[in-house]
Amino acid sequence: MKATATAPANIAFIKYWGRKDHKLFLPLTTTNSMNLSACTAETVIEFGVSGGDTITITDNTGNSKEINNVPGEKDGMLYTTLDRVRQRTGVSDYAQVTSKLSFPMGAGIASSAAGMAAFVAAAYAAAGDMDTVNDREELSREIRLSGSVSAARSSHDGFTEHLYGETHEKAYTVQIAPAEHWDLVDLVAVLSPEEKKISSALGHSLADSSPFMQARLDYLNGKPELARQAILDKDFASLALLSEIDTINMHAVMMTSRPPAFYLSPASIDIMKNVISWREDQGLNVFYTFDAGPNPHVITTAAEAESVRKLLEKHSEVQFVLENHPADGVRITSHG
Ligand code: DP6
C-alpha cells in the first residue's frame with residue numbers, strides 16, 4: 001500500500017488559461033508543452049495510516065510545509081483527489097503523503113504540475129490500481145480532475161499535448177515527440193520570489209471577465225496544430241513566434257480580467273526586451289515564455305544555452321538560472 005512516483009513540471013508553448021468547465025477542469029483550447037528535467041517532484045504515498053490524511057511538501061533547500069485541507073483551493077484538491085482514488089479503488093485507509101521538490105518552493109516556479117502529476121500516479125499505484133497508472137491517457141484525465149491541466153501534460157514523455165475536448169473522456173494528453181527528439185533548453189531565470197496575489201486556480205475562473213478572452217480564443221484557432229508541427233519539424237523560428245505571441249496574449253487576458261492579475265514584474269519585461277534583442281541583433285536562437293508568474297522561461301538550443309545563460313546571469317535581478325532539458329513524464333519508481 002505504498003508507492004513512489006516522480007514527475008516533471010513542463011513549460012507550455014500554447015498555454016492554458018480559462019476553462020470551459022470548472023468542475024471537470026476542461027480547458028478552452030488544446031495546449032502543448034515540453035517536460036522539464038530540473039523541475040521535478042518525488043512523491044511517496046502510503047495508505048494504511050491512522051488518524052487522518054497528512055500531506056507534507058519539502059523542497060531542495062530543506063523548507064517544509066504541511067498542506068491544509070482548504071476547500072476550493074489547489075491544496076484542498078489534494079485531499080479531494082485522495083477521496084476520489086479511495087472511491088475508485090475501494091481502498092478505505094487514510095494516507096500519508098510526502099512530496100519532495102527539486103527546486104525552491106517559494107521561487108515562483110510552477111510547482112503544481114510536477115507535484116500533482118506525481119501525486120495522482122503515486123496515489124493510484126499505492127492503492128494497487130496499476131491499470132490507471134499504465135494507461136497514460138486515463139492517467140492524464142485523472143491528473144486533470146485533480147485540478148491541473150498543466151500537470152496532466154506531464155503524464156507523457158518529452159513533448160506533449162493536452163487535447164481540447166467537450167467532455168471528460170475527450171480531454172486528455174497525447175505525446176507529440178519523445179524527449180530525445182529535440183535538444184531544446186529552457187533556462188528559467190529566477191527573479192525575486194513574490195507570493196502570487198491571484199492563484200492560478202482563481203485566475204482561471206476570472207479569465208472570462210476579460211474583454212480580450214474571446215479575441216484570444218479566436219486568434220488561437222489552428223495555433224496548437226501549428227505549434228505541434230513546429231515541434232515535429234524542429235522549426236525554432238516558428239515555435240518562437242507562436243509561443244511569444246501566445247504568452248503576451250495570455251498575459252493581456254490576465255491583466256484585463258476583473259480583478260486584474262499582474263504576474264509580470266518590471267524585470268520580466270526588461271528580460272523580454274533583452275531576449276528580442278539577443279535574437280534580432282545578435283542572431284541567437286532564443287525566445288521567452290511566461291507562466292502565471294514573473295520568472296522568464298528562456299528557450300534556446302543546446303548549442304547556444306551557455307551563451308544565453310551567461311547573458312541572463314548578467315542581469316541584476318536574476319537570482320539564479322535553472323537549466324532544463326526535455327524530460328520523460330511521470331514514473332513509478334517503487335511500489336509494493
Ligand atoms: C499559466 O492551474 O495548470 O502555467 O499555475 O501550476 O497552479 P499552476 O497550474 P494550472 O495553470 C497554469 C497554467 C499556465 C499555462 C500552462 O502551463 O498551460
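Order of listing sets the numbers, starting from 1, for every ligand and every atom in it.
- A donor atom on one side chain and an acceptor atom on the other are not found under 3.5 Å apart for Asp183 and His325.
- For the pair Lys170 and Tyr172, the cation-pi test (distance below 6.0 Å, angle within 45°) is failed.
- The salt bridge (charged side-chain N to carboxylate O under 4.0 Å, His left out) pairs that include a residue from residues 260-269 number zero, where partners must be two or more places apart or lie in different chains.
- Every N/O-N/O distance between Arg19 and ligand 1 stays at or above 3.5 Å.
- Ligand 1 has no N or O atom lying under 3.5 Å from any N or O atom of Asn10, backbone or side chain.
- Close contacts between ligand 1 and Ser112 involve ligand atoms 6 (O), 7 (O), 8 (P), 9 (O) [criterion: under 4.0 Å to a heavy atom].
- The existence of a salt bridge linking Asp135 and Arg141 is excluded, since no basic side-chain nitrogen approaches an acidic carboxylate oxygen closer than 4.0 Å.
- Comparing His297, Lys15, His204 against atom 12 (C) of ligand 1, the shortest heavy-atom distance belongs to His204.
- The closest approach between any non-hydrogen atom of Arg153 and ligand 1 is below 4.0 Å.
- Atoms of ligand 1 lying under 4.0 Å from any heavy atom of Ala12, numbered from 1 in the order shown and given with element: 16 (C), 17 (O), 18 (O).
- Taking a cutoff of 4.0 Å between a charged side-chain nitrogen and a carboxylate oxygen, Asp233 and Arg228 do not qualify as a salt bridge.
- Applying the salt bridge (charged side-chain N to carboxylate O under 4.0 Å, His left out) definition to pairs two or more places apart or across chains, those involving residues 4-26 are Lys15-Asp291.
- Contacts between Ser150 and ligand 1 below 4.0 angstrom, taking non-hydrogen atoms only, involve backbone and side chain alike.
- Residue-ligand proximity, Ala292 to ligand 1, at heavy-atom distances under 4.0 Å covers atoms 1 (C).
- Annotation for ligand 1: atoms under 4.0 Å from non-hydrogen atoms of Val149 are 3 (O).
- For Thr31, no heavy-atom contact with ligand 1 is shorter than 4.0 Å.
- Note: Tyr16 and His204 have parallel aromatic rings, judged against thresholds of 30 and 60 degrees for the angle between ring planes.
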